[in-house]
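Please read the structure below before turning to the comments.
None of these values were measured; they are calculated from a predicted model.
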Amino acid sequence: VRSLNHRFLDVRVHLPTELSDQSFYLEQIARTRLARGRYDIGARLDGAALPPPRFNLDRARAAYRALSDLNDELAPGSKLPLTAVTALPDLLSMSPAAGVDTVRASLSGAIGHALANLDEMRRTEGDALGRDLAERLASARRLLEAIAARGDGMIQAYRQRLRQRLDRLLGDVSVPLDPGRLEIEICL
């Protein structure tokens, strides 16, 4: 299960062909346990979890005859490879012996385990984000305290620097400065 932040609940299920008829079932389980967000749910079959699929011989024969006729018409004398038939969809079907209840029980257990892992990962990520935000907040408070400590002397230091610049610029010129105007410039 992969999740992304999203405004609404969006569940997308990706299953192998053998399990594709169980997509809706899996989606409904997920919808009962999940809230807002986008979720991609995938499953795979490991080993011989299901009985082997049945090969539809009648359908394969009919497809091969139709392809052979087309081959004779389009490319007479050329040989039709067997892979042309095996590439056709719907030649394999799941055995009815594969009990729906067994498959659903396996999927239900797997989705439960995956969602529990997702919850644990979210808790871990939330804790890490909480620590990071706390550190940033503490750093911002330290900077604010440093600024506040220097704030009282800043106006006086700026006033003194401005006075020194003015004295340097005016040099030998004796121009009377209006103290009120100087205070306005310092404030600006």
Sorted by chain and number, sequence neighbours left out, side-chain hydrogen bond (donor to acceptor under 3.5 Å, both in side chains) with D58 holds for none
The reported gap from CD1 in I29 to CD1 in I41 (rounded to nearest 0.5 angstrom) is 9.0 Å
Separation between CD (E125) and OG (S3), nearest 0.5 Å, reads 8.0 Å
| Within one Ile-Leu-Val-Met-Phe-Trp-Tyr cluster: L57 and Y64, side-chain cutoff 4.5 Å | yes
T124 meets the side-chain hydrogen bond (donor to acceptor under 3.5 Å, both in side chains) criterion, sequence neighbours left out, with none
Sorted by chain and number, sequence neighbours left out, salt bridge (charged side-chain N to carboxylate O under 4.0 Å, His left out) with R44 holds for D46
Handout entry: H14 and D40: CA distance, side-chain angles, deciding distance, side chain to side chain contact (heavy atoms under 4.5 Å, CB included) verdict
Key = CA-CA 7 Å; H14 309 282; D40 287 312; 3.5 Å; yes
Applied to residues 65-82, the side-chain hydrogen bond (donor to acceptor under 3.5 Å, both in side chains) test, sequence neighbours excluded, yields N71-S78
Value for CZ (R2) from CG (L4), rounded to nearest 0.5 Å, stands at 7.5 Å
Here the gap from Q28 atom CD to I111 atom CD1, rounded to the nearest 0.5 Å, amounts to 12.0 Å
task: Can you establish whether the number of heavy atoms outside R31 located under 6.0 Å from its atom CZ is more than 12?
output: yes
- Is there a side-chain contact between V13 and Y39 (heavy atoms, below 4.5 Å)? no
In short, A114 meets V1 closest at the heavy-atom pair CB-CG2, 3.7 Å
To the nearest 0.5 Å, atom CZ of R168 lies from atom CD of Q164 at 7.5 Å
Heavy-atom nearest pair, A84 first then L67, reads O-CD1, 3.8 Å
Output for pair (L19 CG, S106 OG), nearest 0.5 Å, gives 9.0 Å
Residues 103-122 vs salt bridge (charged side-chain N to carboxylate O under 4.0 Å, His left out), sequence neighbours excluded, gives E120-R123
The side-chain hydrogen bond (donor to acceptor under 3.5 Å, both in side chains) partners of Y25 (sequence neighbours excluded) come to none
With sequence neighbours left out, the residues meeting side-chain contact (heavy atoms from CB on, under 4.5 Å) with A43 are L15, L107
Residues passing the side-chain contact (heavy atoms from CB on, under 4.5 Å) test with R131, sequence neighbours excluded, are D127, A128
Hits for side-chain contact (heavy atoms from CB on, under 4.5 Å) against R136, two or more places apart or cross-chain, chain-then-number order -> D132
Tracing side-chain contacts under 4.5 Å among Ile, Leu, Val, Met, Phe, Trp and Tyr outward from L74 reaches L70
side-chain hydrogen bond (donor to acceptor under 3.5 Å, both in side chains) filter on R36, not counting sequence neighbours, yields N5
Taken in chain and number order and not counting sequence neighbours, the residues that satisfy side-chain contact (heavy atoms from CB on, under 4.5 Å) with H6 are F8, R38
Q.
Let's go through Q22 and V103 carefully: what are the C-alpha distance in whole Å and the side-chain angles of both, what is the deciding distance for side chain to side chain contact (heavy atoms under 4.5 Å, CB included) to 0.1 Å, and is it a yes or a no?
A. CA-CA 8 Å; Q22 299 301 319; V103 170; 3.9 Å; yes
